[in-house]
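These notes are about the structure you will find just below.
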Amino acid sequence: MASLSSEGEDWRAWVPLSSRPEFAAVTPLPQDDGPSPVVAIAYRDDFRETMDYFRSLYSSRELSPRSLLLTSLAISFNPANYTVWHFRRQVLEALDADLNDELEFTERVAKGNAKNYQLWHHRRWVAEKLGSDAACGELEFTGKIFCLDAKNYHAWSHRQWVLHALGVWENELDYCTQLLEEDIFNNSAWNQRYFVITKSPLLGGLKAMRDSEVDYAIEAIGTNPENESPWRYLRGLYNDENDGWLNDARVPCACLRVLKAKRNLKFALSTLLDLVCLGFKPNQEIRDAITSLRTSHSGEVGSDSDLAKSICSILGHEDPMRANYWTWRSGRLPQAAEV
Amino acid sequence: MGELAGDKHVKYILCVEKKKDSFESVVMEHLRLNGAYWGLTTLDLLGKLDTVDSNEVVSWILQCQHESGGFGGNIGHDPHLLYTLSAVQVLALFDKLDVLDLNKVTDYIRSLQNEDGSFSGDVWGEVDTRFSYCAICCLAILKRLDLINVEKAVRYIVSCKTLDGGFGCTPGAESHAGQIFCCVGALAITGSLHHVDKDLLGWWLCERQVKSGGLNGRPEKLADVCYSWWVLSSLIMIDRVHWIDKEKLIKFILDCQDTENGGISDRPDDAVDVFHTYFGVAGLSLLEYPGVKAIDPAYALPVDVVNRIFFGRC
Ligand SMILES: [Zn+2]
């Protein structure tokens, strides 16, 4: 489509639409803001002109190459204008346009507008039409976005759709590992990892993956015990399976290692608290570690007679911003937790 | 700690409405109805809604309605649930819901529910739990929730629950405070909060408070004033708001004010906009800041407006 070449147009060399031959017969149509506008709109000249011409072609629903060009121009000014995108899809359908060009177009728009809802919705529409041919390209496309922002919510949502709808799961767990090597704090990548191990038809599901994933999460915890994501991931591996959670000796061991290092204790302590509340009986080593923390944090040694209460009180000191939360936890400990 | 510069914010909003030649107003053309909701709700929370001519606003809103029954973001724009909700909310602010052709609007909303209970935002079919909230909140305000399959709508939202107790945009998506507000709000409105693991979600939400006192929307992200609304409203709906440090959050929001020209920004020293001004003031409202009217955490409308809708005149 030759008309698309002007999307890379140099704006300093803007040719007014009124002087372009292909728009000679179009009467521009200004935005109607009602009789007495709630919000008066003023436009930059080139933007206003583009939108006036767009409105004109849109109101007559002219599905033509020059309409496609206008939507490109309008999108380059304001990619958030959803009406323009809607019209563009109608034009693309009517012209039976080559949608591979459209992939290129959206990729250009994505540079600098990667958090735009319309862009992603449009990309999805194109990929859906192209079907499985688009699968690998879509994974690559989201990969490029993640190089710039590895937590882009839209891109993750798009990628999950691609995996689900187009079934290209082969390398996804490795991809998660790669992203987590780059940034172990990337919660989006942890979420994607959970998505893969629970949903990929190739891996056998959560139960089959649990054992190795517990190791993976615990290793991540070992290097950064302050990292919220692997702790929640670890708990998620035993979602709704408290028996398994209580009986996996690797979990309290991981907590103990953090306690002994005496730094970044919050998630290790809260995990132990969770376990104790469910009936876990900590060994002497863990009890000693907690006791030693208690004495270093509160002046009144022995004021907390039970372990879970001690944990809550240490957490209240460790995490003063959420002191009320830890006090609340302390106030609703089950009888069984009074070990 | 500074104080809320309420009068300045009122001036700022009234001035944005009339501002010429600003790029902000140009890029907002298509979502002017959202802008009207943010601005007008802020004015109402600050007790200054009467400075606006309601008849003008109402007649403009009606011109944004499409023949399908849905509302576009401005005159001549395509209809979408996002703007339909804003239209209904603004009409509710002005006590003008009776200007609506009820069947027309509700038919539009009903037509967007999918087989699995989810909602599309418009005829183009994008699915997101945000749209579930828009549909449910709208229909509840219009007292026509019976028109959709609420049970399926709830089931879909519950299927978007994540391992940390939060919710994402679709099943399997990451927890995000904005999506959590939408899901918890929709569950609250439909009386389905028993599906929420309140303790787990409450802890995740209060972990969003960072050293500066502000709230972020996901782990390891920057604090932002708009999350004061999304996180706080969710915490209130599940009755866990006392788990955060309110004083520190109030200070963070107040630090994001432009005390000279009015308006609130996403974080201290950034440029202000209407969106963050609304979320900042709404956040302070949830924190019971003096001089700000109370806002309802589920309907995102002043409490007196919600009472008027459901309990007659106040
Ligand atoms: Zn924000």
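Bear in mind the structure is a predicted one, so any value in this text is a computation, not a measurement.
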Residues A/E228, B/R218: salt bridge by 4.0 Å N-O rule: no
Taking atom types as modelled, find out whether B/E174 and A/N187 have a side-chain donor-acceptor pair closer than 3.5 angstrom. yes
Most heavy-atom pairs under 4.5 Å with chain A, out of B/H80, B/H242, B/H77, belong to B/H77
Contact class of A/F185 relative to chain B, heavy atoms under 4.5 angstrom: both
Answer with side chain, backbone, both or neither: which region of B/D53 has an atom nearer than 4.5 Å to a non-hydrogen atom of chain A? neither
Is the closest side-chain heavy-atom distance between B/W203 and A/S270 below 4.5 Å? yes
Set out, in order, the CA-CA distance, both residues' side-chain angles and the distance that settles ring pair (Phe, Tyr, Trp, His ring centres under 6.0 Å) for B/W124 and A/H86, then state yes or no. CA-CA 8 Å; B/W124 289 98; A/H86 288 184; 5.6 Å; yes
B/V52 versus chain A, the contacting section by heavy-atom distance below 4.5 Å: neither
Can you tell me which residue among B/L31, B/D78, B/L82 is in a side-chain contact (heavy atoms from CB on, under 4.5 Å) with A/Y82? B/D78
Kindly give the heavy-atom pair with the smallest separation between B/A173 and A/Y153, and that separation in Å. CB-OH, 3.9 Å
Is the backbone of B/L163 close enough, under 3.5 Å, to the side chain of A/R232 for a donor and an acceptor to pair up by distance? no
Which residues pass the side-chain hydrogen bond (donor to acceptor under 3.5 Å, both in side chains) test with B/Y278, sequence neighbours left out? B/Y37
Counting only heavy atoms closer than 4.5 Å, note whether A/R124 contacts chain B via side chain, backbone, both or neither. neither
How long is the gap from CG on B/D164 to CG on A/N191, to the nearest 0.5 Å? 7.5 Å
Could you pull out the closest heavy-atom pair between A/F195 and B/G172, with the gap in Å? CD1-CA, 3.8 Å
May I ask you to name which of B/Q209, B/R240, B/H176, B/E207 has the most heavy-atom pairs under 4.5 Å with chain A? B/E207
Identify which part of A/W326 has an atom lying under 4.5 Å from any heavy atom of chain B, answering side chain, backbone, both or neither. side chain
B/F94: which residues meet the ring-ring contact (aromatic ring centres under 6.0 Å, His included) condition with it, sequence neighbours left out? none
Verdict with reasoning, A/N78 to B/H30, per side-chain contact (heavy atoms from CB on, under 4.5 Å): CA-CA 10 Å; A/N78 181 13; B/H30 67 282; 3.5 Å; yes
Whatever's closer than 4.5 Å to a heavy atom in chain B on A/K266 counts as side chain
Option that, when pairs with chain A are counted at under 4.5 Å, heavy atom only, ranks first among B/D245, B/D199, B/I244: B/D199
Scored by heavy-atom pairs under 4.5 Å with chain B, the best of A/Y194, A/W156, A/Y233 is A/Y194
